[in-house]
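Report on one structure; see the data block that follows.
To find a chain, count down the sequence lines: A is the first, B the second, and so on, and within it residues start at 1.
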Number of protein chains: 2
Amino acid sequence: MKKLKCDLKPNIERQLALTDAIELLSGKWKISILRSLYHSSSLRFKDLAMVSGGVTPKVLSKELQQLEENMLITRTVNNTRPVTVSYALTTHALETLPVIRALVEFGLQHRTNIKGKI
Amino acid sequence: MKKLKCDLKPNIERQLALTDAIELLSGKWKISILRSLYHSSSLRFKDLAMVSGGVTPKVLSKELQQLEENMLITRTVNNTRPVTVSYALTTHALETLPVIRALVEFGLQHRTNIKGKI
DNA sequence: ATGGTCGCTTTCCTATAGGTAAGCAATAGC
DNA sequence: GCTATTGCTTACCTATAGGAAAGCGACCAT
């Protein structure tokens with residue numbers, strides 16, 4: 001086994017941060033939801049269901065609750081009839097933008113790589 | 001519902017790339033495995049099991065196979081007794097580095113945010 | 001012959017993710 | 001009274017993720 005020390009203590013912290021982030025953002029829809037909210041700044045429940053492409057209300061509801069628990073989005077009930085609910089990113093969620101961008105770039109790159117190999 | 005057009009066609013492509021990337025990298029261990037390989041350039045099966053912290057051989061084996069299928073790592077059987085197997089990143093996998101870095105940064109930030117709120 | 005190491009595989013199990021379908025409260029329009 | 005809309009919730013089901021434990025084939029040392 002090779003040497004792994006270098007900056008051991010911050011490295012452990014970074015490993016924990018990584019697993020935290022993975023746990024937080026795991027799931028089929030969370031990242032797409034965040035991306036949609038980033039592009040539109042504020043979306044209602046039904047819009048999110050459509051924009052994110054195929055989420056069922058049950059699952060969407062659960063994902064939104066988890067994102068809210070983790071302070072990545074805010075939930076606002078509007079004074080309209082029938083009642084509508086708006087979701088928006090918190091400032092904290094802006095920290096996820098580099099993640100999303102990097103994922104998109106990797107995905108684009110991976111797609112061209114795969115095409116090249118066929 | 002707000003306007004969502006702007007650059008519609010590339011946007012769809014980016015959405016597909018995003019879901020591809022999420023599917024590719026989903027799972028409890030893949031990102032940590034990639035990070036470990038990035039830091040050590042080449043690791044054997046047992047080392048990965050330890051470094052990545054708690055993966056069972058069955059799961060590790062499966063994750064490694066998936067990463068190899070997607071051309072993110074290479075698998076090399078070494079001519080040693082007993083036989084050892086080395087795993088390393090492909091050049092293509094270097095594209096995942098921004099993702100990992102962004103996740104770590106977000107995780108670190110999130111941890112301090114959470115601490116601040118308690 | 002016995003036991004150890006490495007890199008797995010196999011079997012078994014449980015918990016969760018996530019989908020389908022239906023319903024529900026509040027309100028409004030007809 | 002009937003229906004529609006919005007934002008959910010509830011009940012149900014299936015597939016998969018992922019963990020625990022054991023075994024296995026090849027090799028070597030004792």
Notebook entry, point to check: Does CD in E68(A) sit with more than 12 non-hydrogen atoms of other residues, nucleotides or ligands closer than 6.0 Å?
Noted result: yes
Notebook entry, point to check: Would a distance-only check, ignoring hydrogens and angles, find a side-chain to backbone donor-acceptor pair under 3.5 Å from T80(B) to P82(B)?
Noted result: yes
Note to self: What's Q65(B) touching, base or sugar-phosphate or nothing? Going by heavy atoms closer than 4.0 Å.
What the structure shows: sugar-phosphate
Note to self: I want to check something: taking the side chain as every heavy atom from C-beta on, are E105(B) and P98(A) in contact at a cut-off of under 4.5 Å?
What the structure shows: no
Checklist line | Separation of atom CZ in R44(B) from atom P in dT5(C), rounded to whole Å | finding: 13 Å
Margin query: Can you tell me which nucleotide in dT10(C), dG7(C), dT6(D) comes closest to the side chain of K46(A)?
Written below: dT6(D)
Notebook entry, point to check: Between the side-chain atoms of K62(B) and the base atoms of dG18(D), is any donor-acceptor pair under 3.5 Å?
Noted result: no
Next item on the list: Let me know the distance between CZ of R81(B) and C1' of dG7(C), rounded to the nearest Å.
Entry: 13 Å
Item checked: Side chain of V85(A) - closest among dG7(D), dG7(C), dT9(D) -> dG7(D)
Notebook entry, point to check: Any sub-3.5 Å donor-acceptor pair from S52(B)'s side-chain atoms to A49(B)'s backbone N or O?
Noted result: no
Checklist line | Whole-Å distance separating the CG atom of N79(A) from the C1' atom of dA26(C) | finding: 13 Å
Next item on the list: Using a 4.0 Å heavy-atom cut-off across all strands, classify T56(A) as base, sugar-phosphate, or nothing.
Entry: base
Notebook entry, point to check: Quick one: L64(B) CG to dG7(C) C1', roughly how many Å, whole number?
Noted result: 11 Å
Next item on the list: Return the value, rounded to whole Å, for the distance between atom CD of E23(B) and atom P of dA17(C).
Entry: 17 Å
Checklist line | Value in whole Å for how far the C1' atom of dA21(C) lies from NZ of K58(A) | finding: 11 Å
Margin query: For P82(A) and E63(A), find the nucleotide of DNA chain C closest to each by heavy atoms; which residue's nucleotide sits nearer the 5' end?
Written below: E63(A)
Check: Tell me: NZ of K30(A) to P of dT16(C), nearest whole Å?
Finding: 14 Å
Note to self: Does F45(B), at its CZ atom, have more than 12 non-hydrogen atoms belonging to other residues, nucleotides or ligands within less than 6.0 Å?
What the structure shows: yes
Check: Nearest-Å distance, CG (D47(B)) to P (dT5(C))?
Finding: 15 Å
Margin query: Here's a test of your reading of the structure: between V55(A) and N78(B), which maps to the more 5' nucleotide of DNA chain C?
Written below: N78(B)
Next item on the list: State which of dT9(C), dG7(C), dG18(C) makes the closest approach to the side chain of K28(A).
Entry: dG18(C)
